[in-house]
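Worksheet: one structure, shown below.
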Amino acid sequence: MPDVPETTNLFELLSARGLVSQCTDPDGIRARLAKPLAAYVGFDPTADSLHIGSLVPIMGLYWLQQCGHRPLVLVGGATGLVGDPSGKTESRTMLTREDVNHNANAIAAQIARLVRFDDSPTGAKLINNVDWLGTLNWIEMLRAVGPHFSINRMLSMDSVKGRLEAGGMTFLEFNYMVMQAYDFAHLHRAEGCTVQFGGQDQWGNIVMGIELARRTDGADLAGVTFPLVTKADGGKFGKSEKGNIWLSTERTPVHEFFQFWRNIADADVRRFFGFFTTLPMTEVDALTAAGGEALNPAKERLAWEVTRLIHGQGAADAAREAARKAFGAGHDATADAVPHGPLATADLAAGLSFAALLVKAGLATSNSDAKRLIKGGGAQLNDAVIADEQRSVTAADVVAGHIVVRAGKKRLFRFDVA
RNA sequence: GGGUAGGUACCGAAGUGGCCAAACGGGGCAGACUGUAAAUCUGCUGGCUCACGCCUUCGAAGGUUCGAAUCCGUCCCUGCCCA
């Protein structure tokens, strides 16, 4: 049941979905993509899960494969040991080799939810740049690539300039772009890879790779960058009150993941459909044609689609059902997908403060925080606003075996009393 | 290596002996208005305590003082300039 692309030319398709930011040569790339080819996208193994900031490149890989090309998924085992300075204002902490390996495997597993890895002509291939960068000899490396890099040119790259203005970068980080450039040249030789895709902040690194391969091998490579995902209100994309929205359910439960998409601004709906779903754009246009309140079903659909892609249809259905009940007319928080946990009757008997319960539910970080929430009128117990900071919770508050606490309109937690 | 300016809470940035848990801005959370939207307005934004209050926090560990984010010496780190 693969979704059928509305056009088989990847470049056209990506453009229509708003997924192209910059490219080295629009006509050339369109022509290139008329035939099956191998292209690569790199991911940094800085954590054992990707977050939704990486979703755009992942969708890029997805479409690459759907359009009959061969995606090379590069996990930066070597570059992860250095840390990409692009788009950062301060250097990252260095990872150990064990961390990098562990993270690389976890990330590959997440990508495999959307991209098929096998040996067929369009099967994705997982590669790790530590395999070729890790064994390079310093002198050989310098002689091979050193003459082809101009320091003046490198200093003029945005990724470097930004860091210099923000207080400087280390030699270690400065080498990151050399490594990435080397990767591209290497993948051209080893895998016949001719196009590199990446985030907008990768533009400089991609261009350096193209130039290196041209100078060393006379190769004609191309690059395309995806747009930086922005929010209509100017805030950072992909953050919630708890931090990043991750793809792993341990870090971001499905409910929270679903709600993130459900709560986006009106102005972002259409664009996000293009970026993060596989729905044909004609259908997206129909879904988002309505404005105002009528856009709510489209938001729900968006949340369902993205959740389905990442966590599977079962989880998406459950999350949608739970949200409808919990935020709909009935305020029914009994669905399984609503965040919940056990509460012992003994605890209730011993007397438990409402504030402590909020902390236990993860809706407040401390008793003081919980009391502030109560004082501000944002805390609810079984759908009743509680204004008394000293309120204690007893067996009398158990309704049909549950106690539901809410912080504001959007955050809730259900205790199953046993 | 020399000179110089700095290191303050999530971020930026005031404070330069007591009135400092620390101004202000951003961010975040909550309330009102709404459509689980945006914009706007309002409140809150270290921990513990029913509370008087207590505890921890201003790069690090010390010292001076009745009292230190603020003064002193040492160390670590960063920017800039010079070599």
Side-chain angles (χ1 to χ4, degrees), chain A residues 88-91 93 161-173 230-245 255-273 287-288 290-304 306-307 319-333 335 337-339 351-356 358-359 361-381 383-392 404-413:
Chain A
K88 301 289 177 297
T89 53
E90 56 187 55
S91 60
T93 47
K161 254 196 300 188
R163 285 301 303 280
L164 290 180
E165 278 158 23
M169 71 194 298
T170 62
F171 183 65
L172 178 80
E173 299 167 277
T230 55
K231 293 205 302 176
D233 65 7
K236 275 192 196 130
F237 171 76
K239 300 279 187 185
S240 73
E241 75 278 356
K242 283 181 185 163
N244 281 321
I245 302 292
H255 168 82
E256 201 184 313
F257 185 87
F258 182 93
Q259 287 301 313
F260 171 82
W261 299 101
R262 178 60 186 80
N263 284 314
I264 62 164
D266 289 11
D268 290 327
V269 178
R270 200 192 109 92
R271 213 158 38 96
F272 286 5
F273 262 111
L287 277 169
T288 57
E293 192 177 348
L295 208 49
N296 274 329
K299 290 185 187 180
E300 186 189 62
R301 179 68 184 276
L302 173 73
W304 182 81
V306 184
T307 306
R320 181 173 63 185
E321 195 52 31
R324 280 180 181 169
K325 284 185 178 170
F327 300 107
H331 265 220
D332 171 7
V338 168
L352 191 59
S353 76
F354 180 45
L358 286 166
V359 174
L363 299 177
T365 56
S366 66
N367 275 344
S368 302
D369 190 40
K371 282 174 184 170
R372 276 195 292 269
L373 181 67
I374 297 171
K375 217 179 289 187
Q380 294 169 45
L381 176 63
D383 281 320
V385 174
I386 302 296
D388 177 12
E389 298 165 52
Q390 306 310 325
R391 175 73 147 83
S392 64
V404 178
V405 291
R406 293 184 187 243
K409 281 173 295 193
K410 296 177 193 167
R411 298 187 299 147
L412 78 167
F413 192 90

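Below, chains carry the letters A, B, ... as their sequence lines are ordered, and counting in each starts from 1.
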Q: Give a yes or no on whether a salt bridge exists between Lys231(A) and Asp268(A), defined as a side-chain N under 4.0 angstrom from a carboxylate O.
A: no
(Q) It should be established whether Lys410(A) places a side-chain nitrogen or oxygen under 4.0 Å from OP1 or OP2 of nucleotide A37(B). (A) yes
Q) Rounding to a whole Å, what distance do you find between Lys325(A):NZ and U36(B):C1'? A) 18 Å
(Q) Can you measure Arg391(A) atom CZ to C50(B) atom P for me and round it to whole angstrom units? (A) 17 Å
Q. For RNA chain B, whose closest nucleotide is more 5', that of Leu373(A) or that of Lys409(A)?
A. Leu373(A)
Q) Across the strands shown, which category fits Gly292(A) at heavy-atom distances under 4.0 angstrom: base, sugar-phosphate, nothing? A) base
**Q.** Touch class at under 4.0 angstrom, heavy-atom based, for Lys375(A) against every strand present
**A.** nothing
Q) Considering only side-chain heavy atoms of Ala265(A), which listed nucleotide, A38(B), C50(B), G35(B), is closest? A) A38(B)
Q: Figure out the CG/C1' separation between Asp369(A) and C48(B), and round it to whole Å.
A: 14 Å
Q) So what does Gln259(A) hit on the nucleic acid, given a heavy-atom distance under 4.0 Å: a base, only sugar-phosphate, or nothing? A) base
Q) Does any N or O in the side chain of Lys325(A) come within less than 3.5 Å of the main-chain N or O of Gly330(A), such that one atom is a donor and the other an acceptor? A) no
Q | Rounded interatomic separation in angstrom, taking CZ from Arg372(A) and C1' from C48(B) | A | 12 Å
Q.
Expressed as a whole number of angstroms, how long is the span from Leu412(A):CG to A30(B):P?
A. 12 Å
Q: Have a look at Asn367(A) and say if it touches a base, only the backbone sugar-phosphate, or nothing, with a 4.0 Å heavy-atom cut-off.
A: sugar-phosphate
Q | Check: Arg391(A) side chain, Ile374(A) main-chain N or O, donor-acceptor pair, under 3.5 Å | A | no
Q) To the nearest angstrom, how far is Gln380(A) atom CD from A30(B) atom P? A) 11 Å
Q. How do Gly377(A) and Phe258(A) order along RNA chain B: which one's closest nucleotide is nearer the 5' end?
A. Gly377(A)
Q | Mutual orientation of the aromatic rings belonging to Phe327(A) and His255(A) [parallel < 30°, tilted 30-60°, perpendicular > 60°] | A | parallel
**Q.** Euclidean distance, atom CG of residue Leu363(A) to atom C1' of U45(B) [Å, nearest integer]
**A.** 17 Å
Q. Taking atom P of G28(B) as reference, at what distance in whole Å does atom CD1 of Ile245(A) sit?
A. 13 Å
Q) If you look at every strand shown and take non-hydrogen atoms under 4.0 Å, does Ala407(A) touch a base, only sugar-phosphate, or nothing? A) sugar-phosphate
Q.
Taking any heavy-atom pair under 4.0 Å as a contact, classify Arg262(A): base, sugar-phosphate, or nothing.
A. base
Q: Could you go through the side chain to side chain contact (heavy atoms under 4.5 Å, CB included) check for Phe354(A) and Gln390(A) one step at a time?
A: CA-CA 7 Å; Phe354(A) 180 45; Gln390(A) 306 310 325; over 6 Å; no
